[in-house]
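Here the structure comes first, spelled out in structure tokens, and everything after it is commentary.
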Amino acid sequence: MACVSLVFIFTSGNPLFAQQADTFNTKIFKPFWTQQRFVPKIGAGVQDRGFFEIGIQWHNIYWHPLSLASKGPYATVDIFMDNEDVVLYGPKLGYEFTAGVLGVAFDVTYFIDRNDQDENNNTKAFVGTPKAGLTILGFVDLYYGYQIPFSKEKIDWINPNRFSITFNLNRDYFDLKDARRRNR
């Protein structure tokens, strides 16, 4: 009889002997991309002379427990000033990717030199600029770039080497826990 009782206890699936389910929530460690949004992109730099950059970026952030990454295309304008006069401006389109403390970007700029002697024939030039450098999780980027001319016409007075600092002003950086997440 005792043997039958032991067999019954071990085969009945009695909840007294069952292991309790874990209550640890692993969803807080699940990586995610935030929903993309247009954010202001502002910056400044030096390339023979100082310039500032202003525009927008279609930006989103990848959250991971160990680090952050960000990516997105952008449209900005570089404005070079000389004694309070705009001498050169360049609308540009580009793409940026950052991960942790490293970032890379590439953009194509259409420079228009307003400092040309002939007012009716401003010098115009296409350049491509690969950039790489350090970033603070995609919020602040410090890049070195080298401009490669794409057109026959060139603006010779500007150095191809450039250093810049830009800010991607995405409000999700300040509250990632409650940021809207991208739907898959």
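Every heavy atom of this structure was used, including side-chain atoms; hydrogens, water molecules and symmetry mates were not.
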Side chains of [X] and [Y]: closer than 4.5 Å at any heavy-atom pair?
| X | Y | result |
| --- | --- | --- |
| Lys154 | Thr123 | no |
| Val46 | Phe51 | no |
| Ile148 | Thr129 | no |
| Val39 | Ile56 | no |

Do you reckon [X] sits in the same ILVMFWY cluster as [Y], going by side-chain contacts under 4.5 Å, direct or chained?
| X | Y | value |
| --- | --- | --- |
| Phe97 | Phe106 | no |
| Phe139 | Ile42 | yes |
| Phe32 | Leu68 | yes |
| Ile136 | Trp63 | yes |
| Val140 | Leu169 | yes |

With sequence neighbours excluded, what pairs up with Phe126 under the ring-ring contact (aromatic ring centres under 6.0 Å, His included) test? Tyr110
Sequence-distant partners of Phe38, ring-ring contact (aromatic ring centres under 6.0 Å, His included), two or more places apart: Trp58
Test item: [X] side-chain N/O and [Y] main-chain N/O as donor-acceptor pair under 3.5 Å:
| X | Y | result |
| --- | --- | --- |
| Ser151 | Glu153 | yes |
| Gln57 | Pro40 | no |
| Glu53 | Gly43 | no |

Please say which of Phe111, Phe150, Tyr146 ends up in a side chain to side chain contact (heavy atoms under 4.5 Å, CB included) with Val127. Phe111
Closest non-hydrogen atom pair, [X] against [Y]:
| X | Y | value |
| --- | --- | --- |
| Ser70 | Gly138 | OG-CA, 3.6 Å |
| Gly100 | Thr135 | O-CG2, 3.5 Å |
| Thr98 | Tyr143 | CG2-OH, 3.7 Å |
| Leu137 | Ser67 | CD2-OG, 4.1 Å |
| Gln47 | Asn159 | NE2-O, 2.8 Å |

Non-neighbouring partners of Asp141 that pass salt bridge (charged side-chain N to carboxylate O under 4.0 Å, His left out), sequence neighbours left out: none
Please determine whether a side-chain nitrogen of the Lys or Arg among Asp113 and Lys124 lies less than 4.0 Å from a carboxylate oxygen of the Asp or Glu. no
Tell me, with the steps shown, if Thr76 and Ile54 meet side chain to side chain contact (heavy atoms under 4.5 Å, CB included). CA-CA 5 Å; Thr76 61; Ile54 188 164; over 6 Å; no
Rounded distance [0.5 Å steps], CZ in Arg171 versus OG1 in Thr34: 11.0 Å
Hey, could you give me each pair passing salt bridge (Lys or Arg N to Asp or Glu O under 4.0 Å) that has a residue in residues 126-138? Not counting sequence neighbours. Asp107-Lys131
Summary of salt bridge (Lys or Arg N to Asp or Glu O under 4.0 Å) pairs that have at least one residue in residues 61-79, sequence neighbours excluded: Asp78-Lys92, Asp78-Arg162
With Tyr144, which residues qualify under side chain to side chain donor-acceptor pair (under 3.5 Å), at least two apart? Asn161
Take Val87 and Met81 through the test side chain to side chain contact (heavy atoms under 4.5 Å, CB included) and record every step on the way to the result. CA-CA 6 Å; Val87 294; Met81 309 256 325; over 6 Å; no
Donor-acceptor pair between Asn168 and Glu96 side chains, under 3.5 angstrom: yes
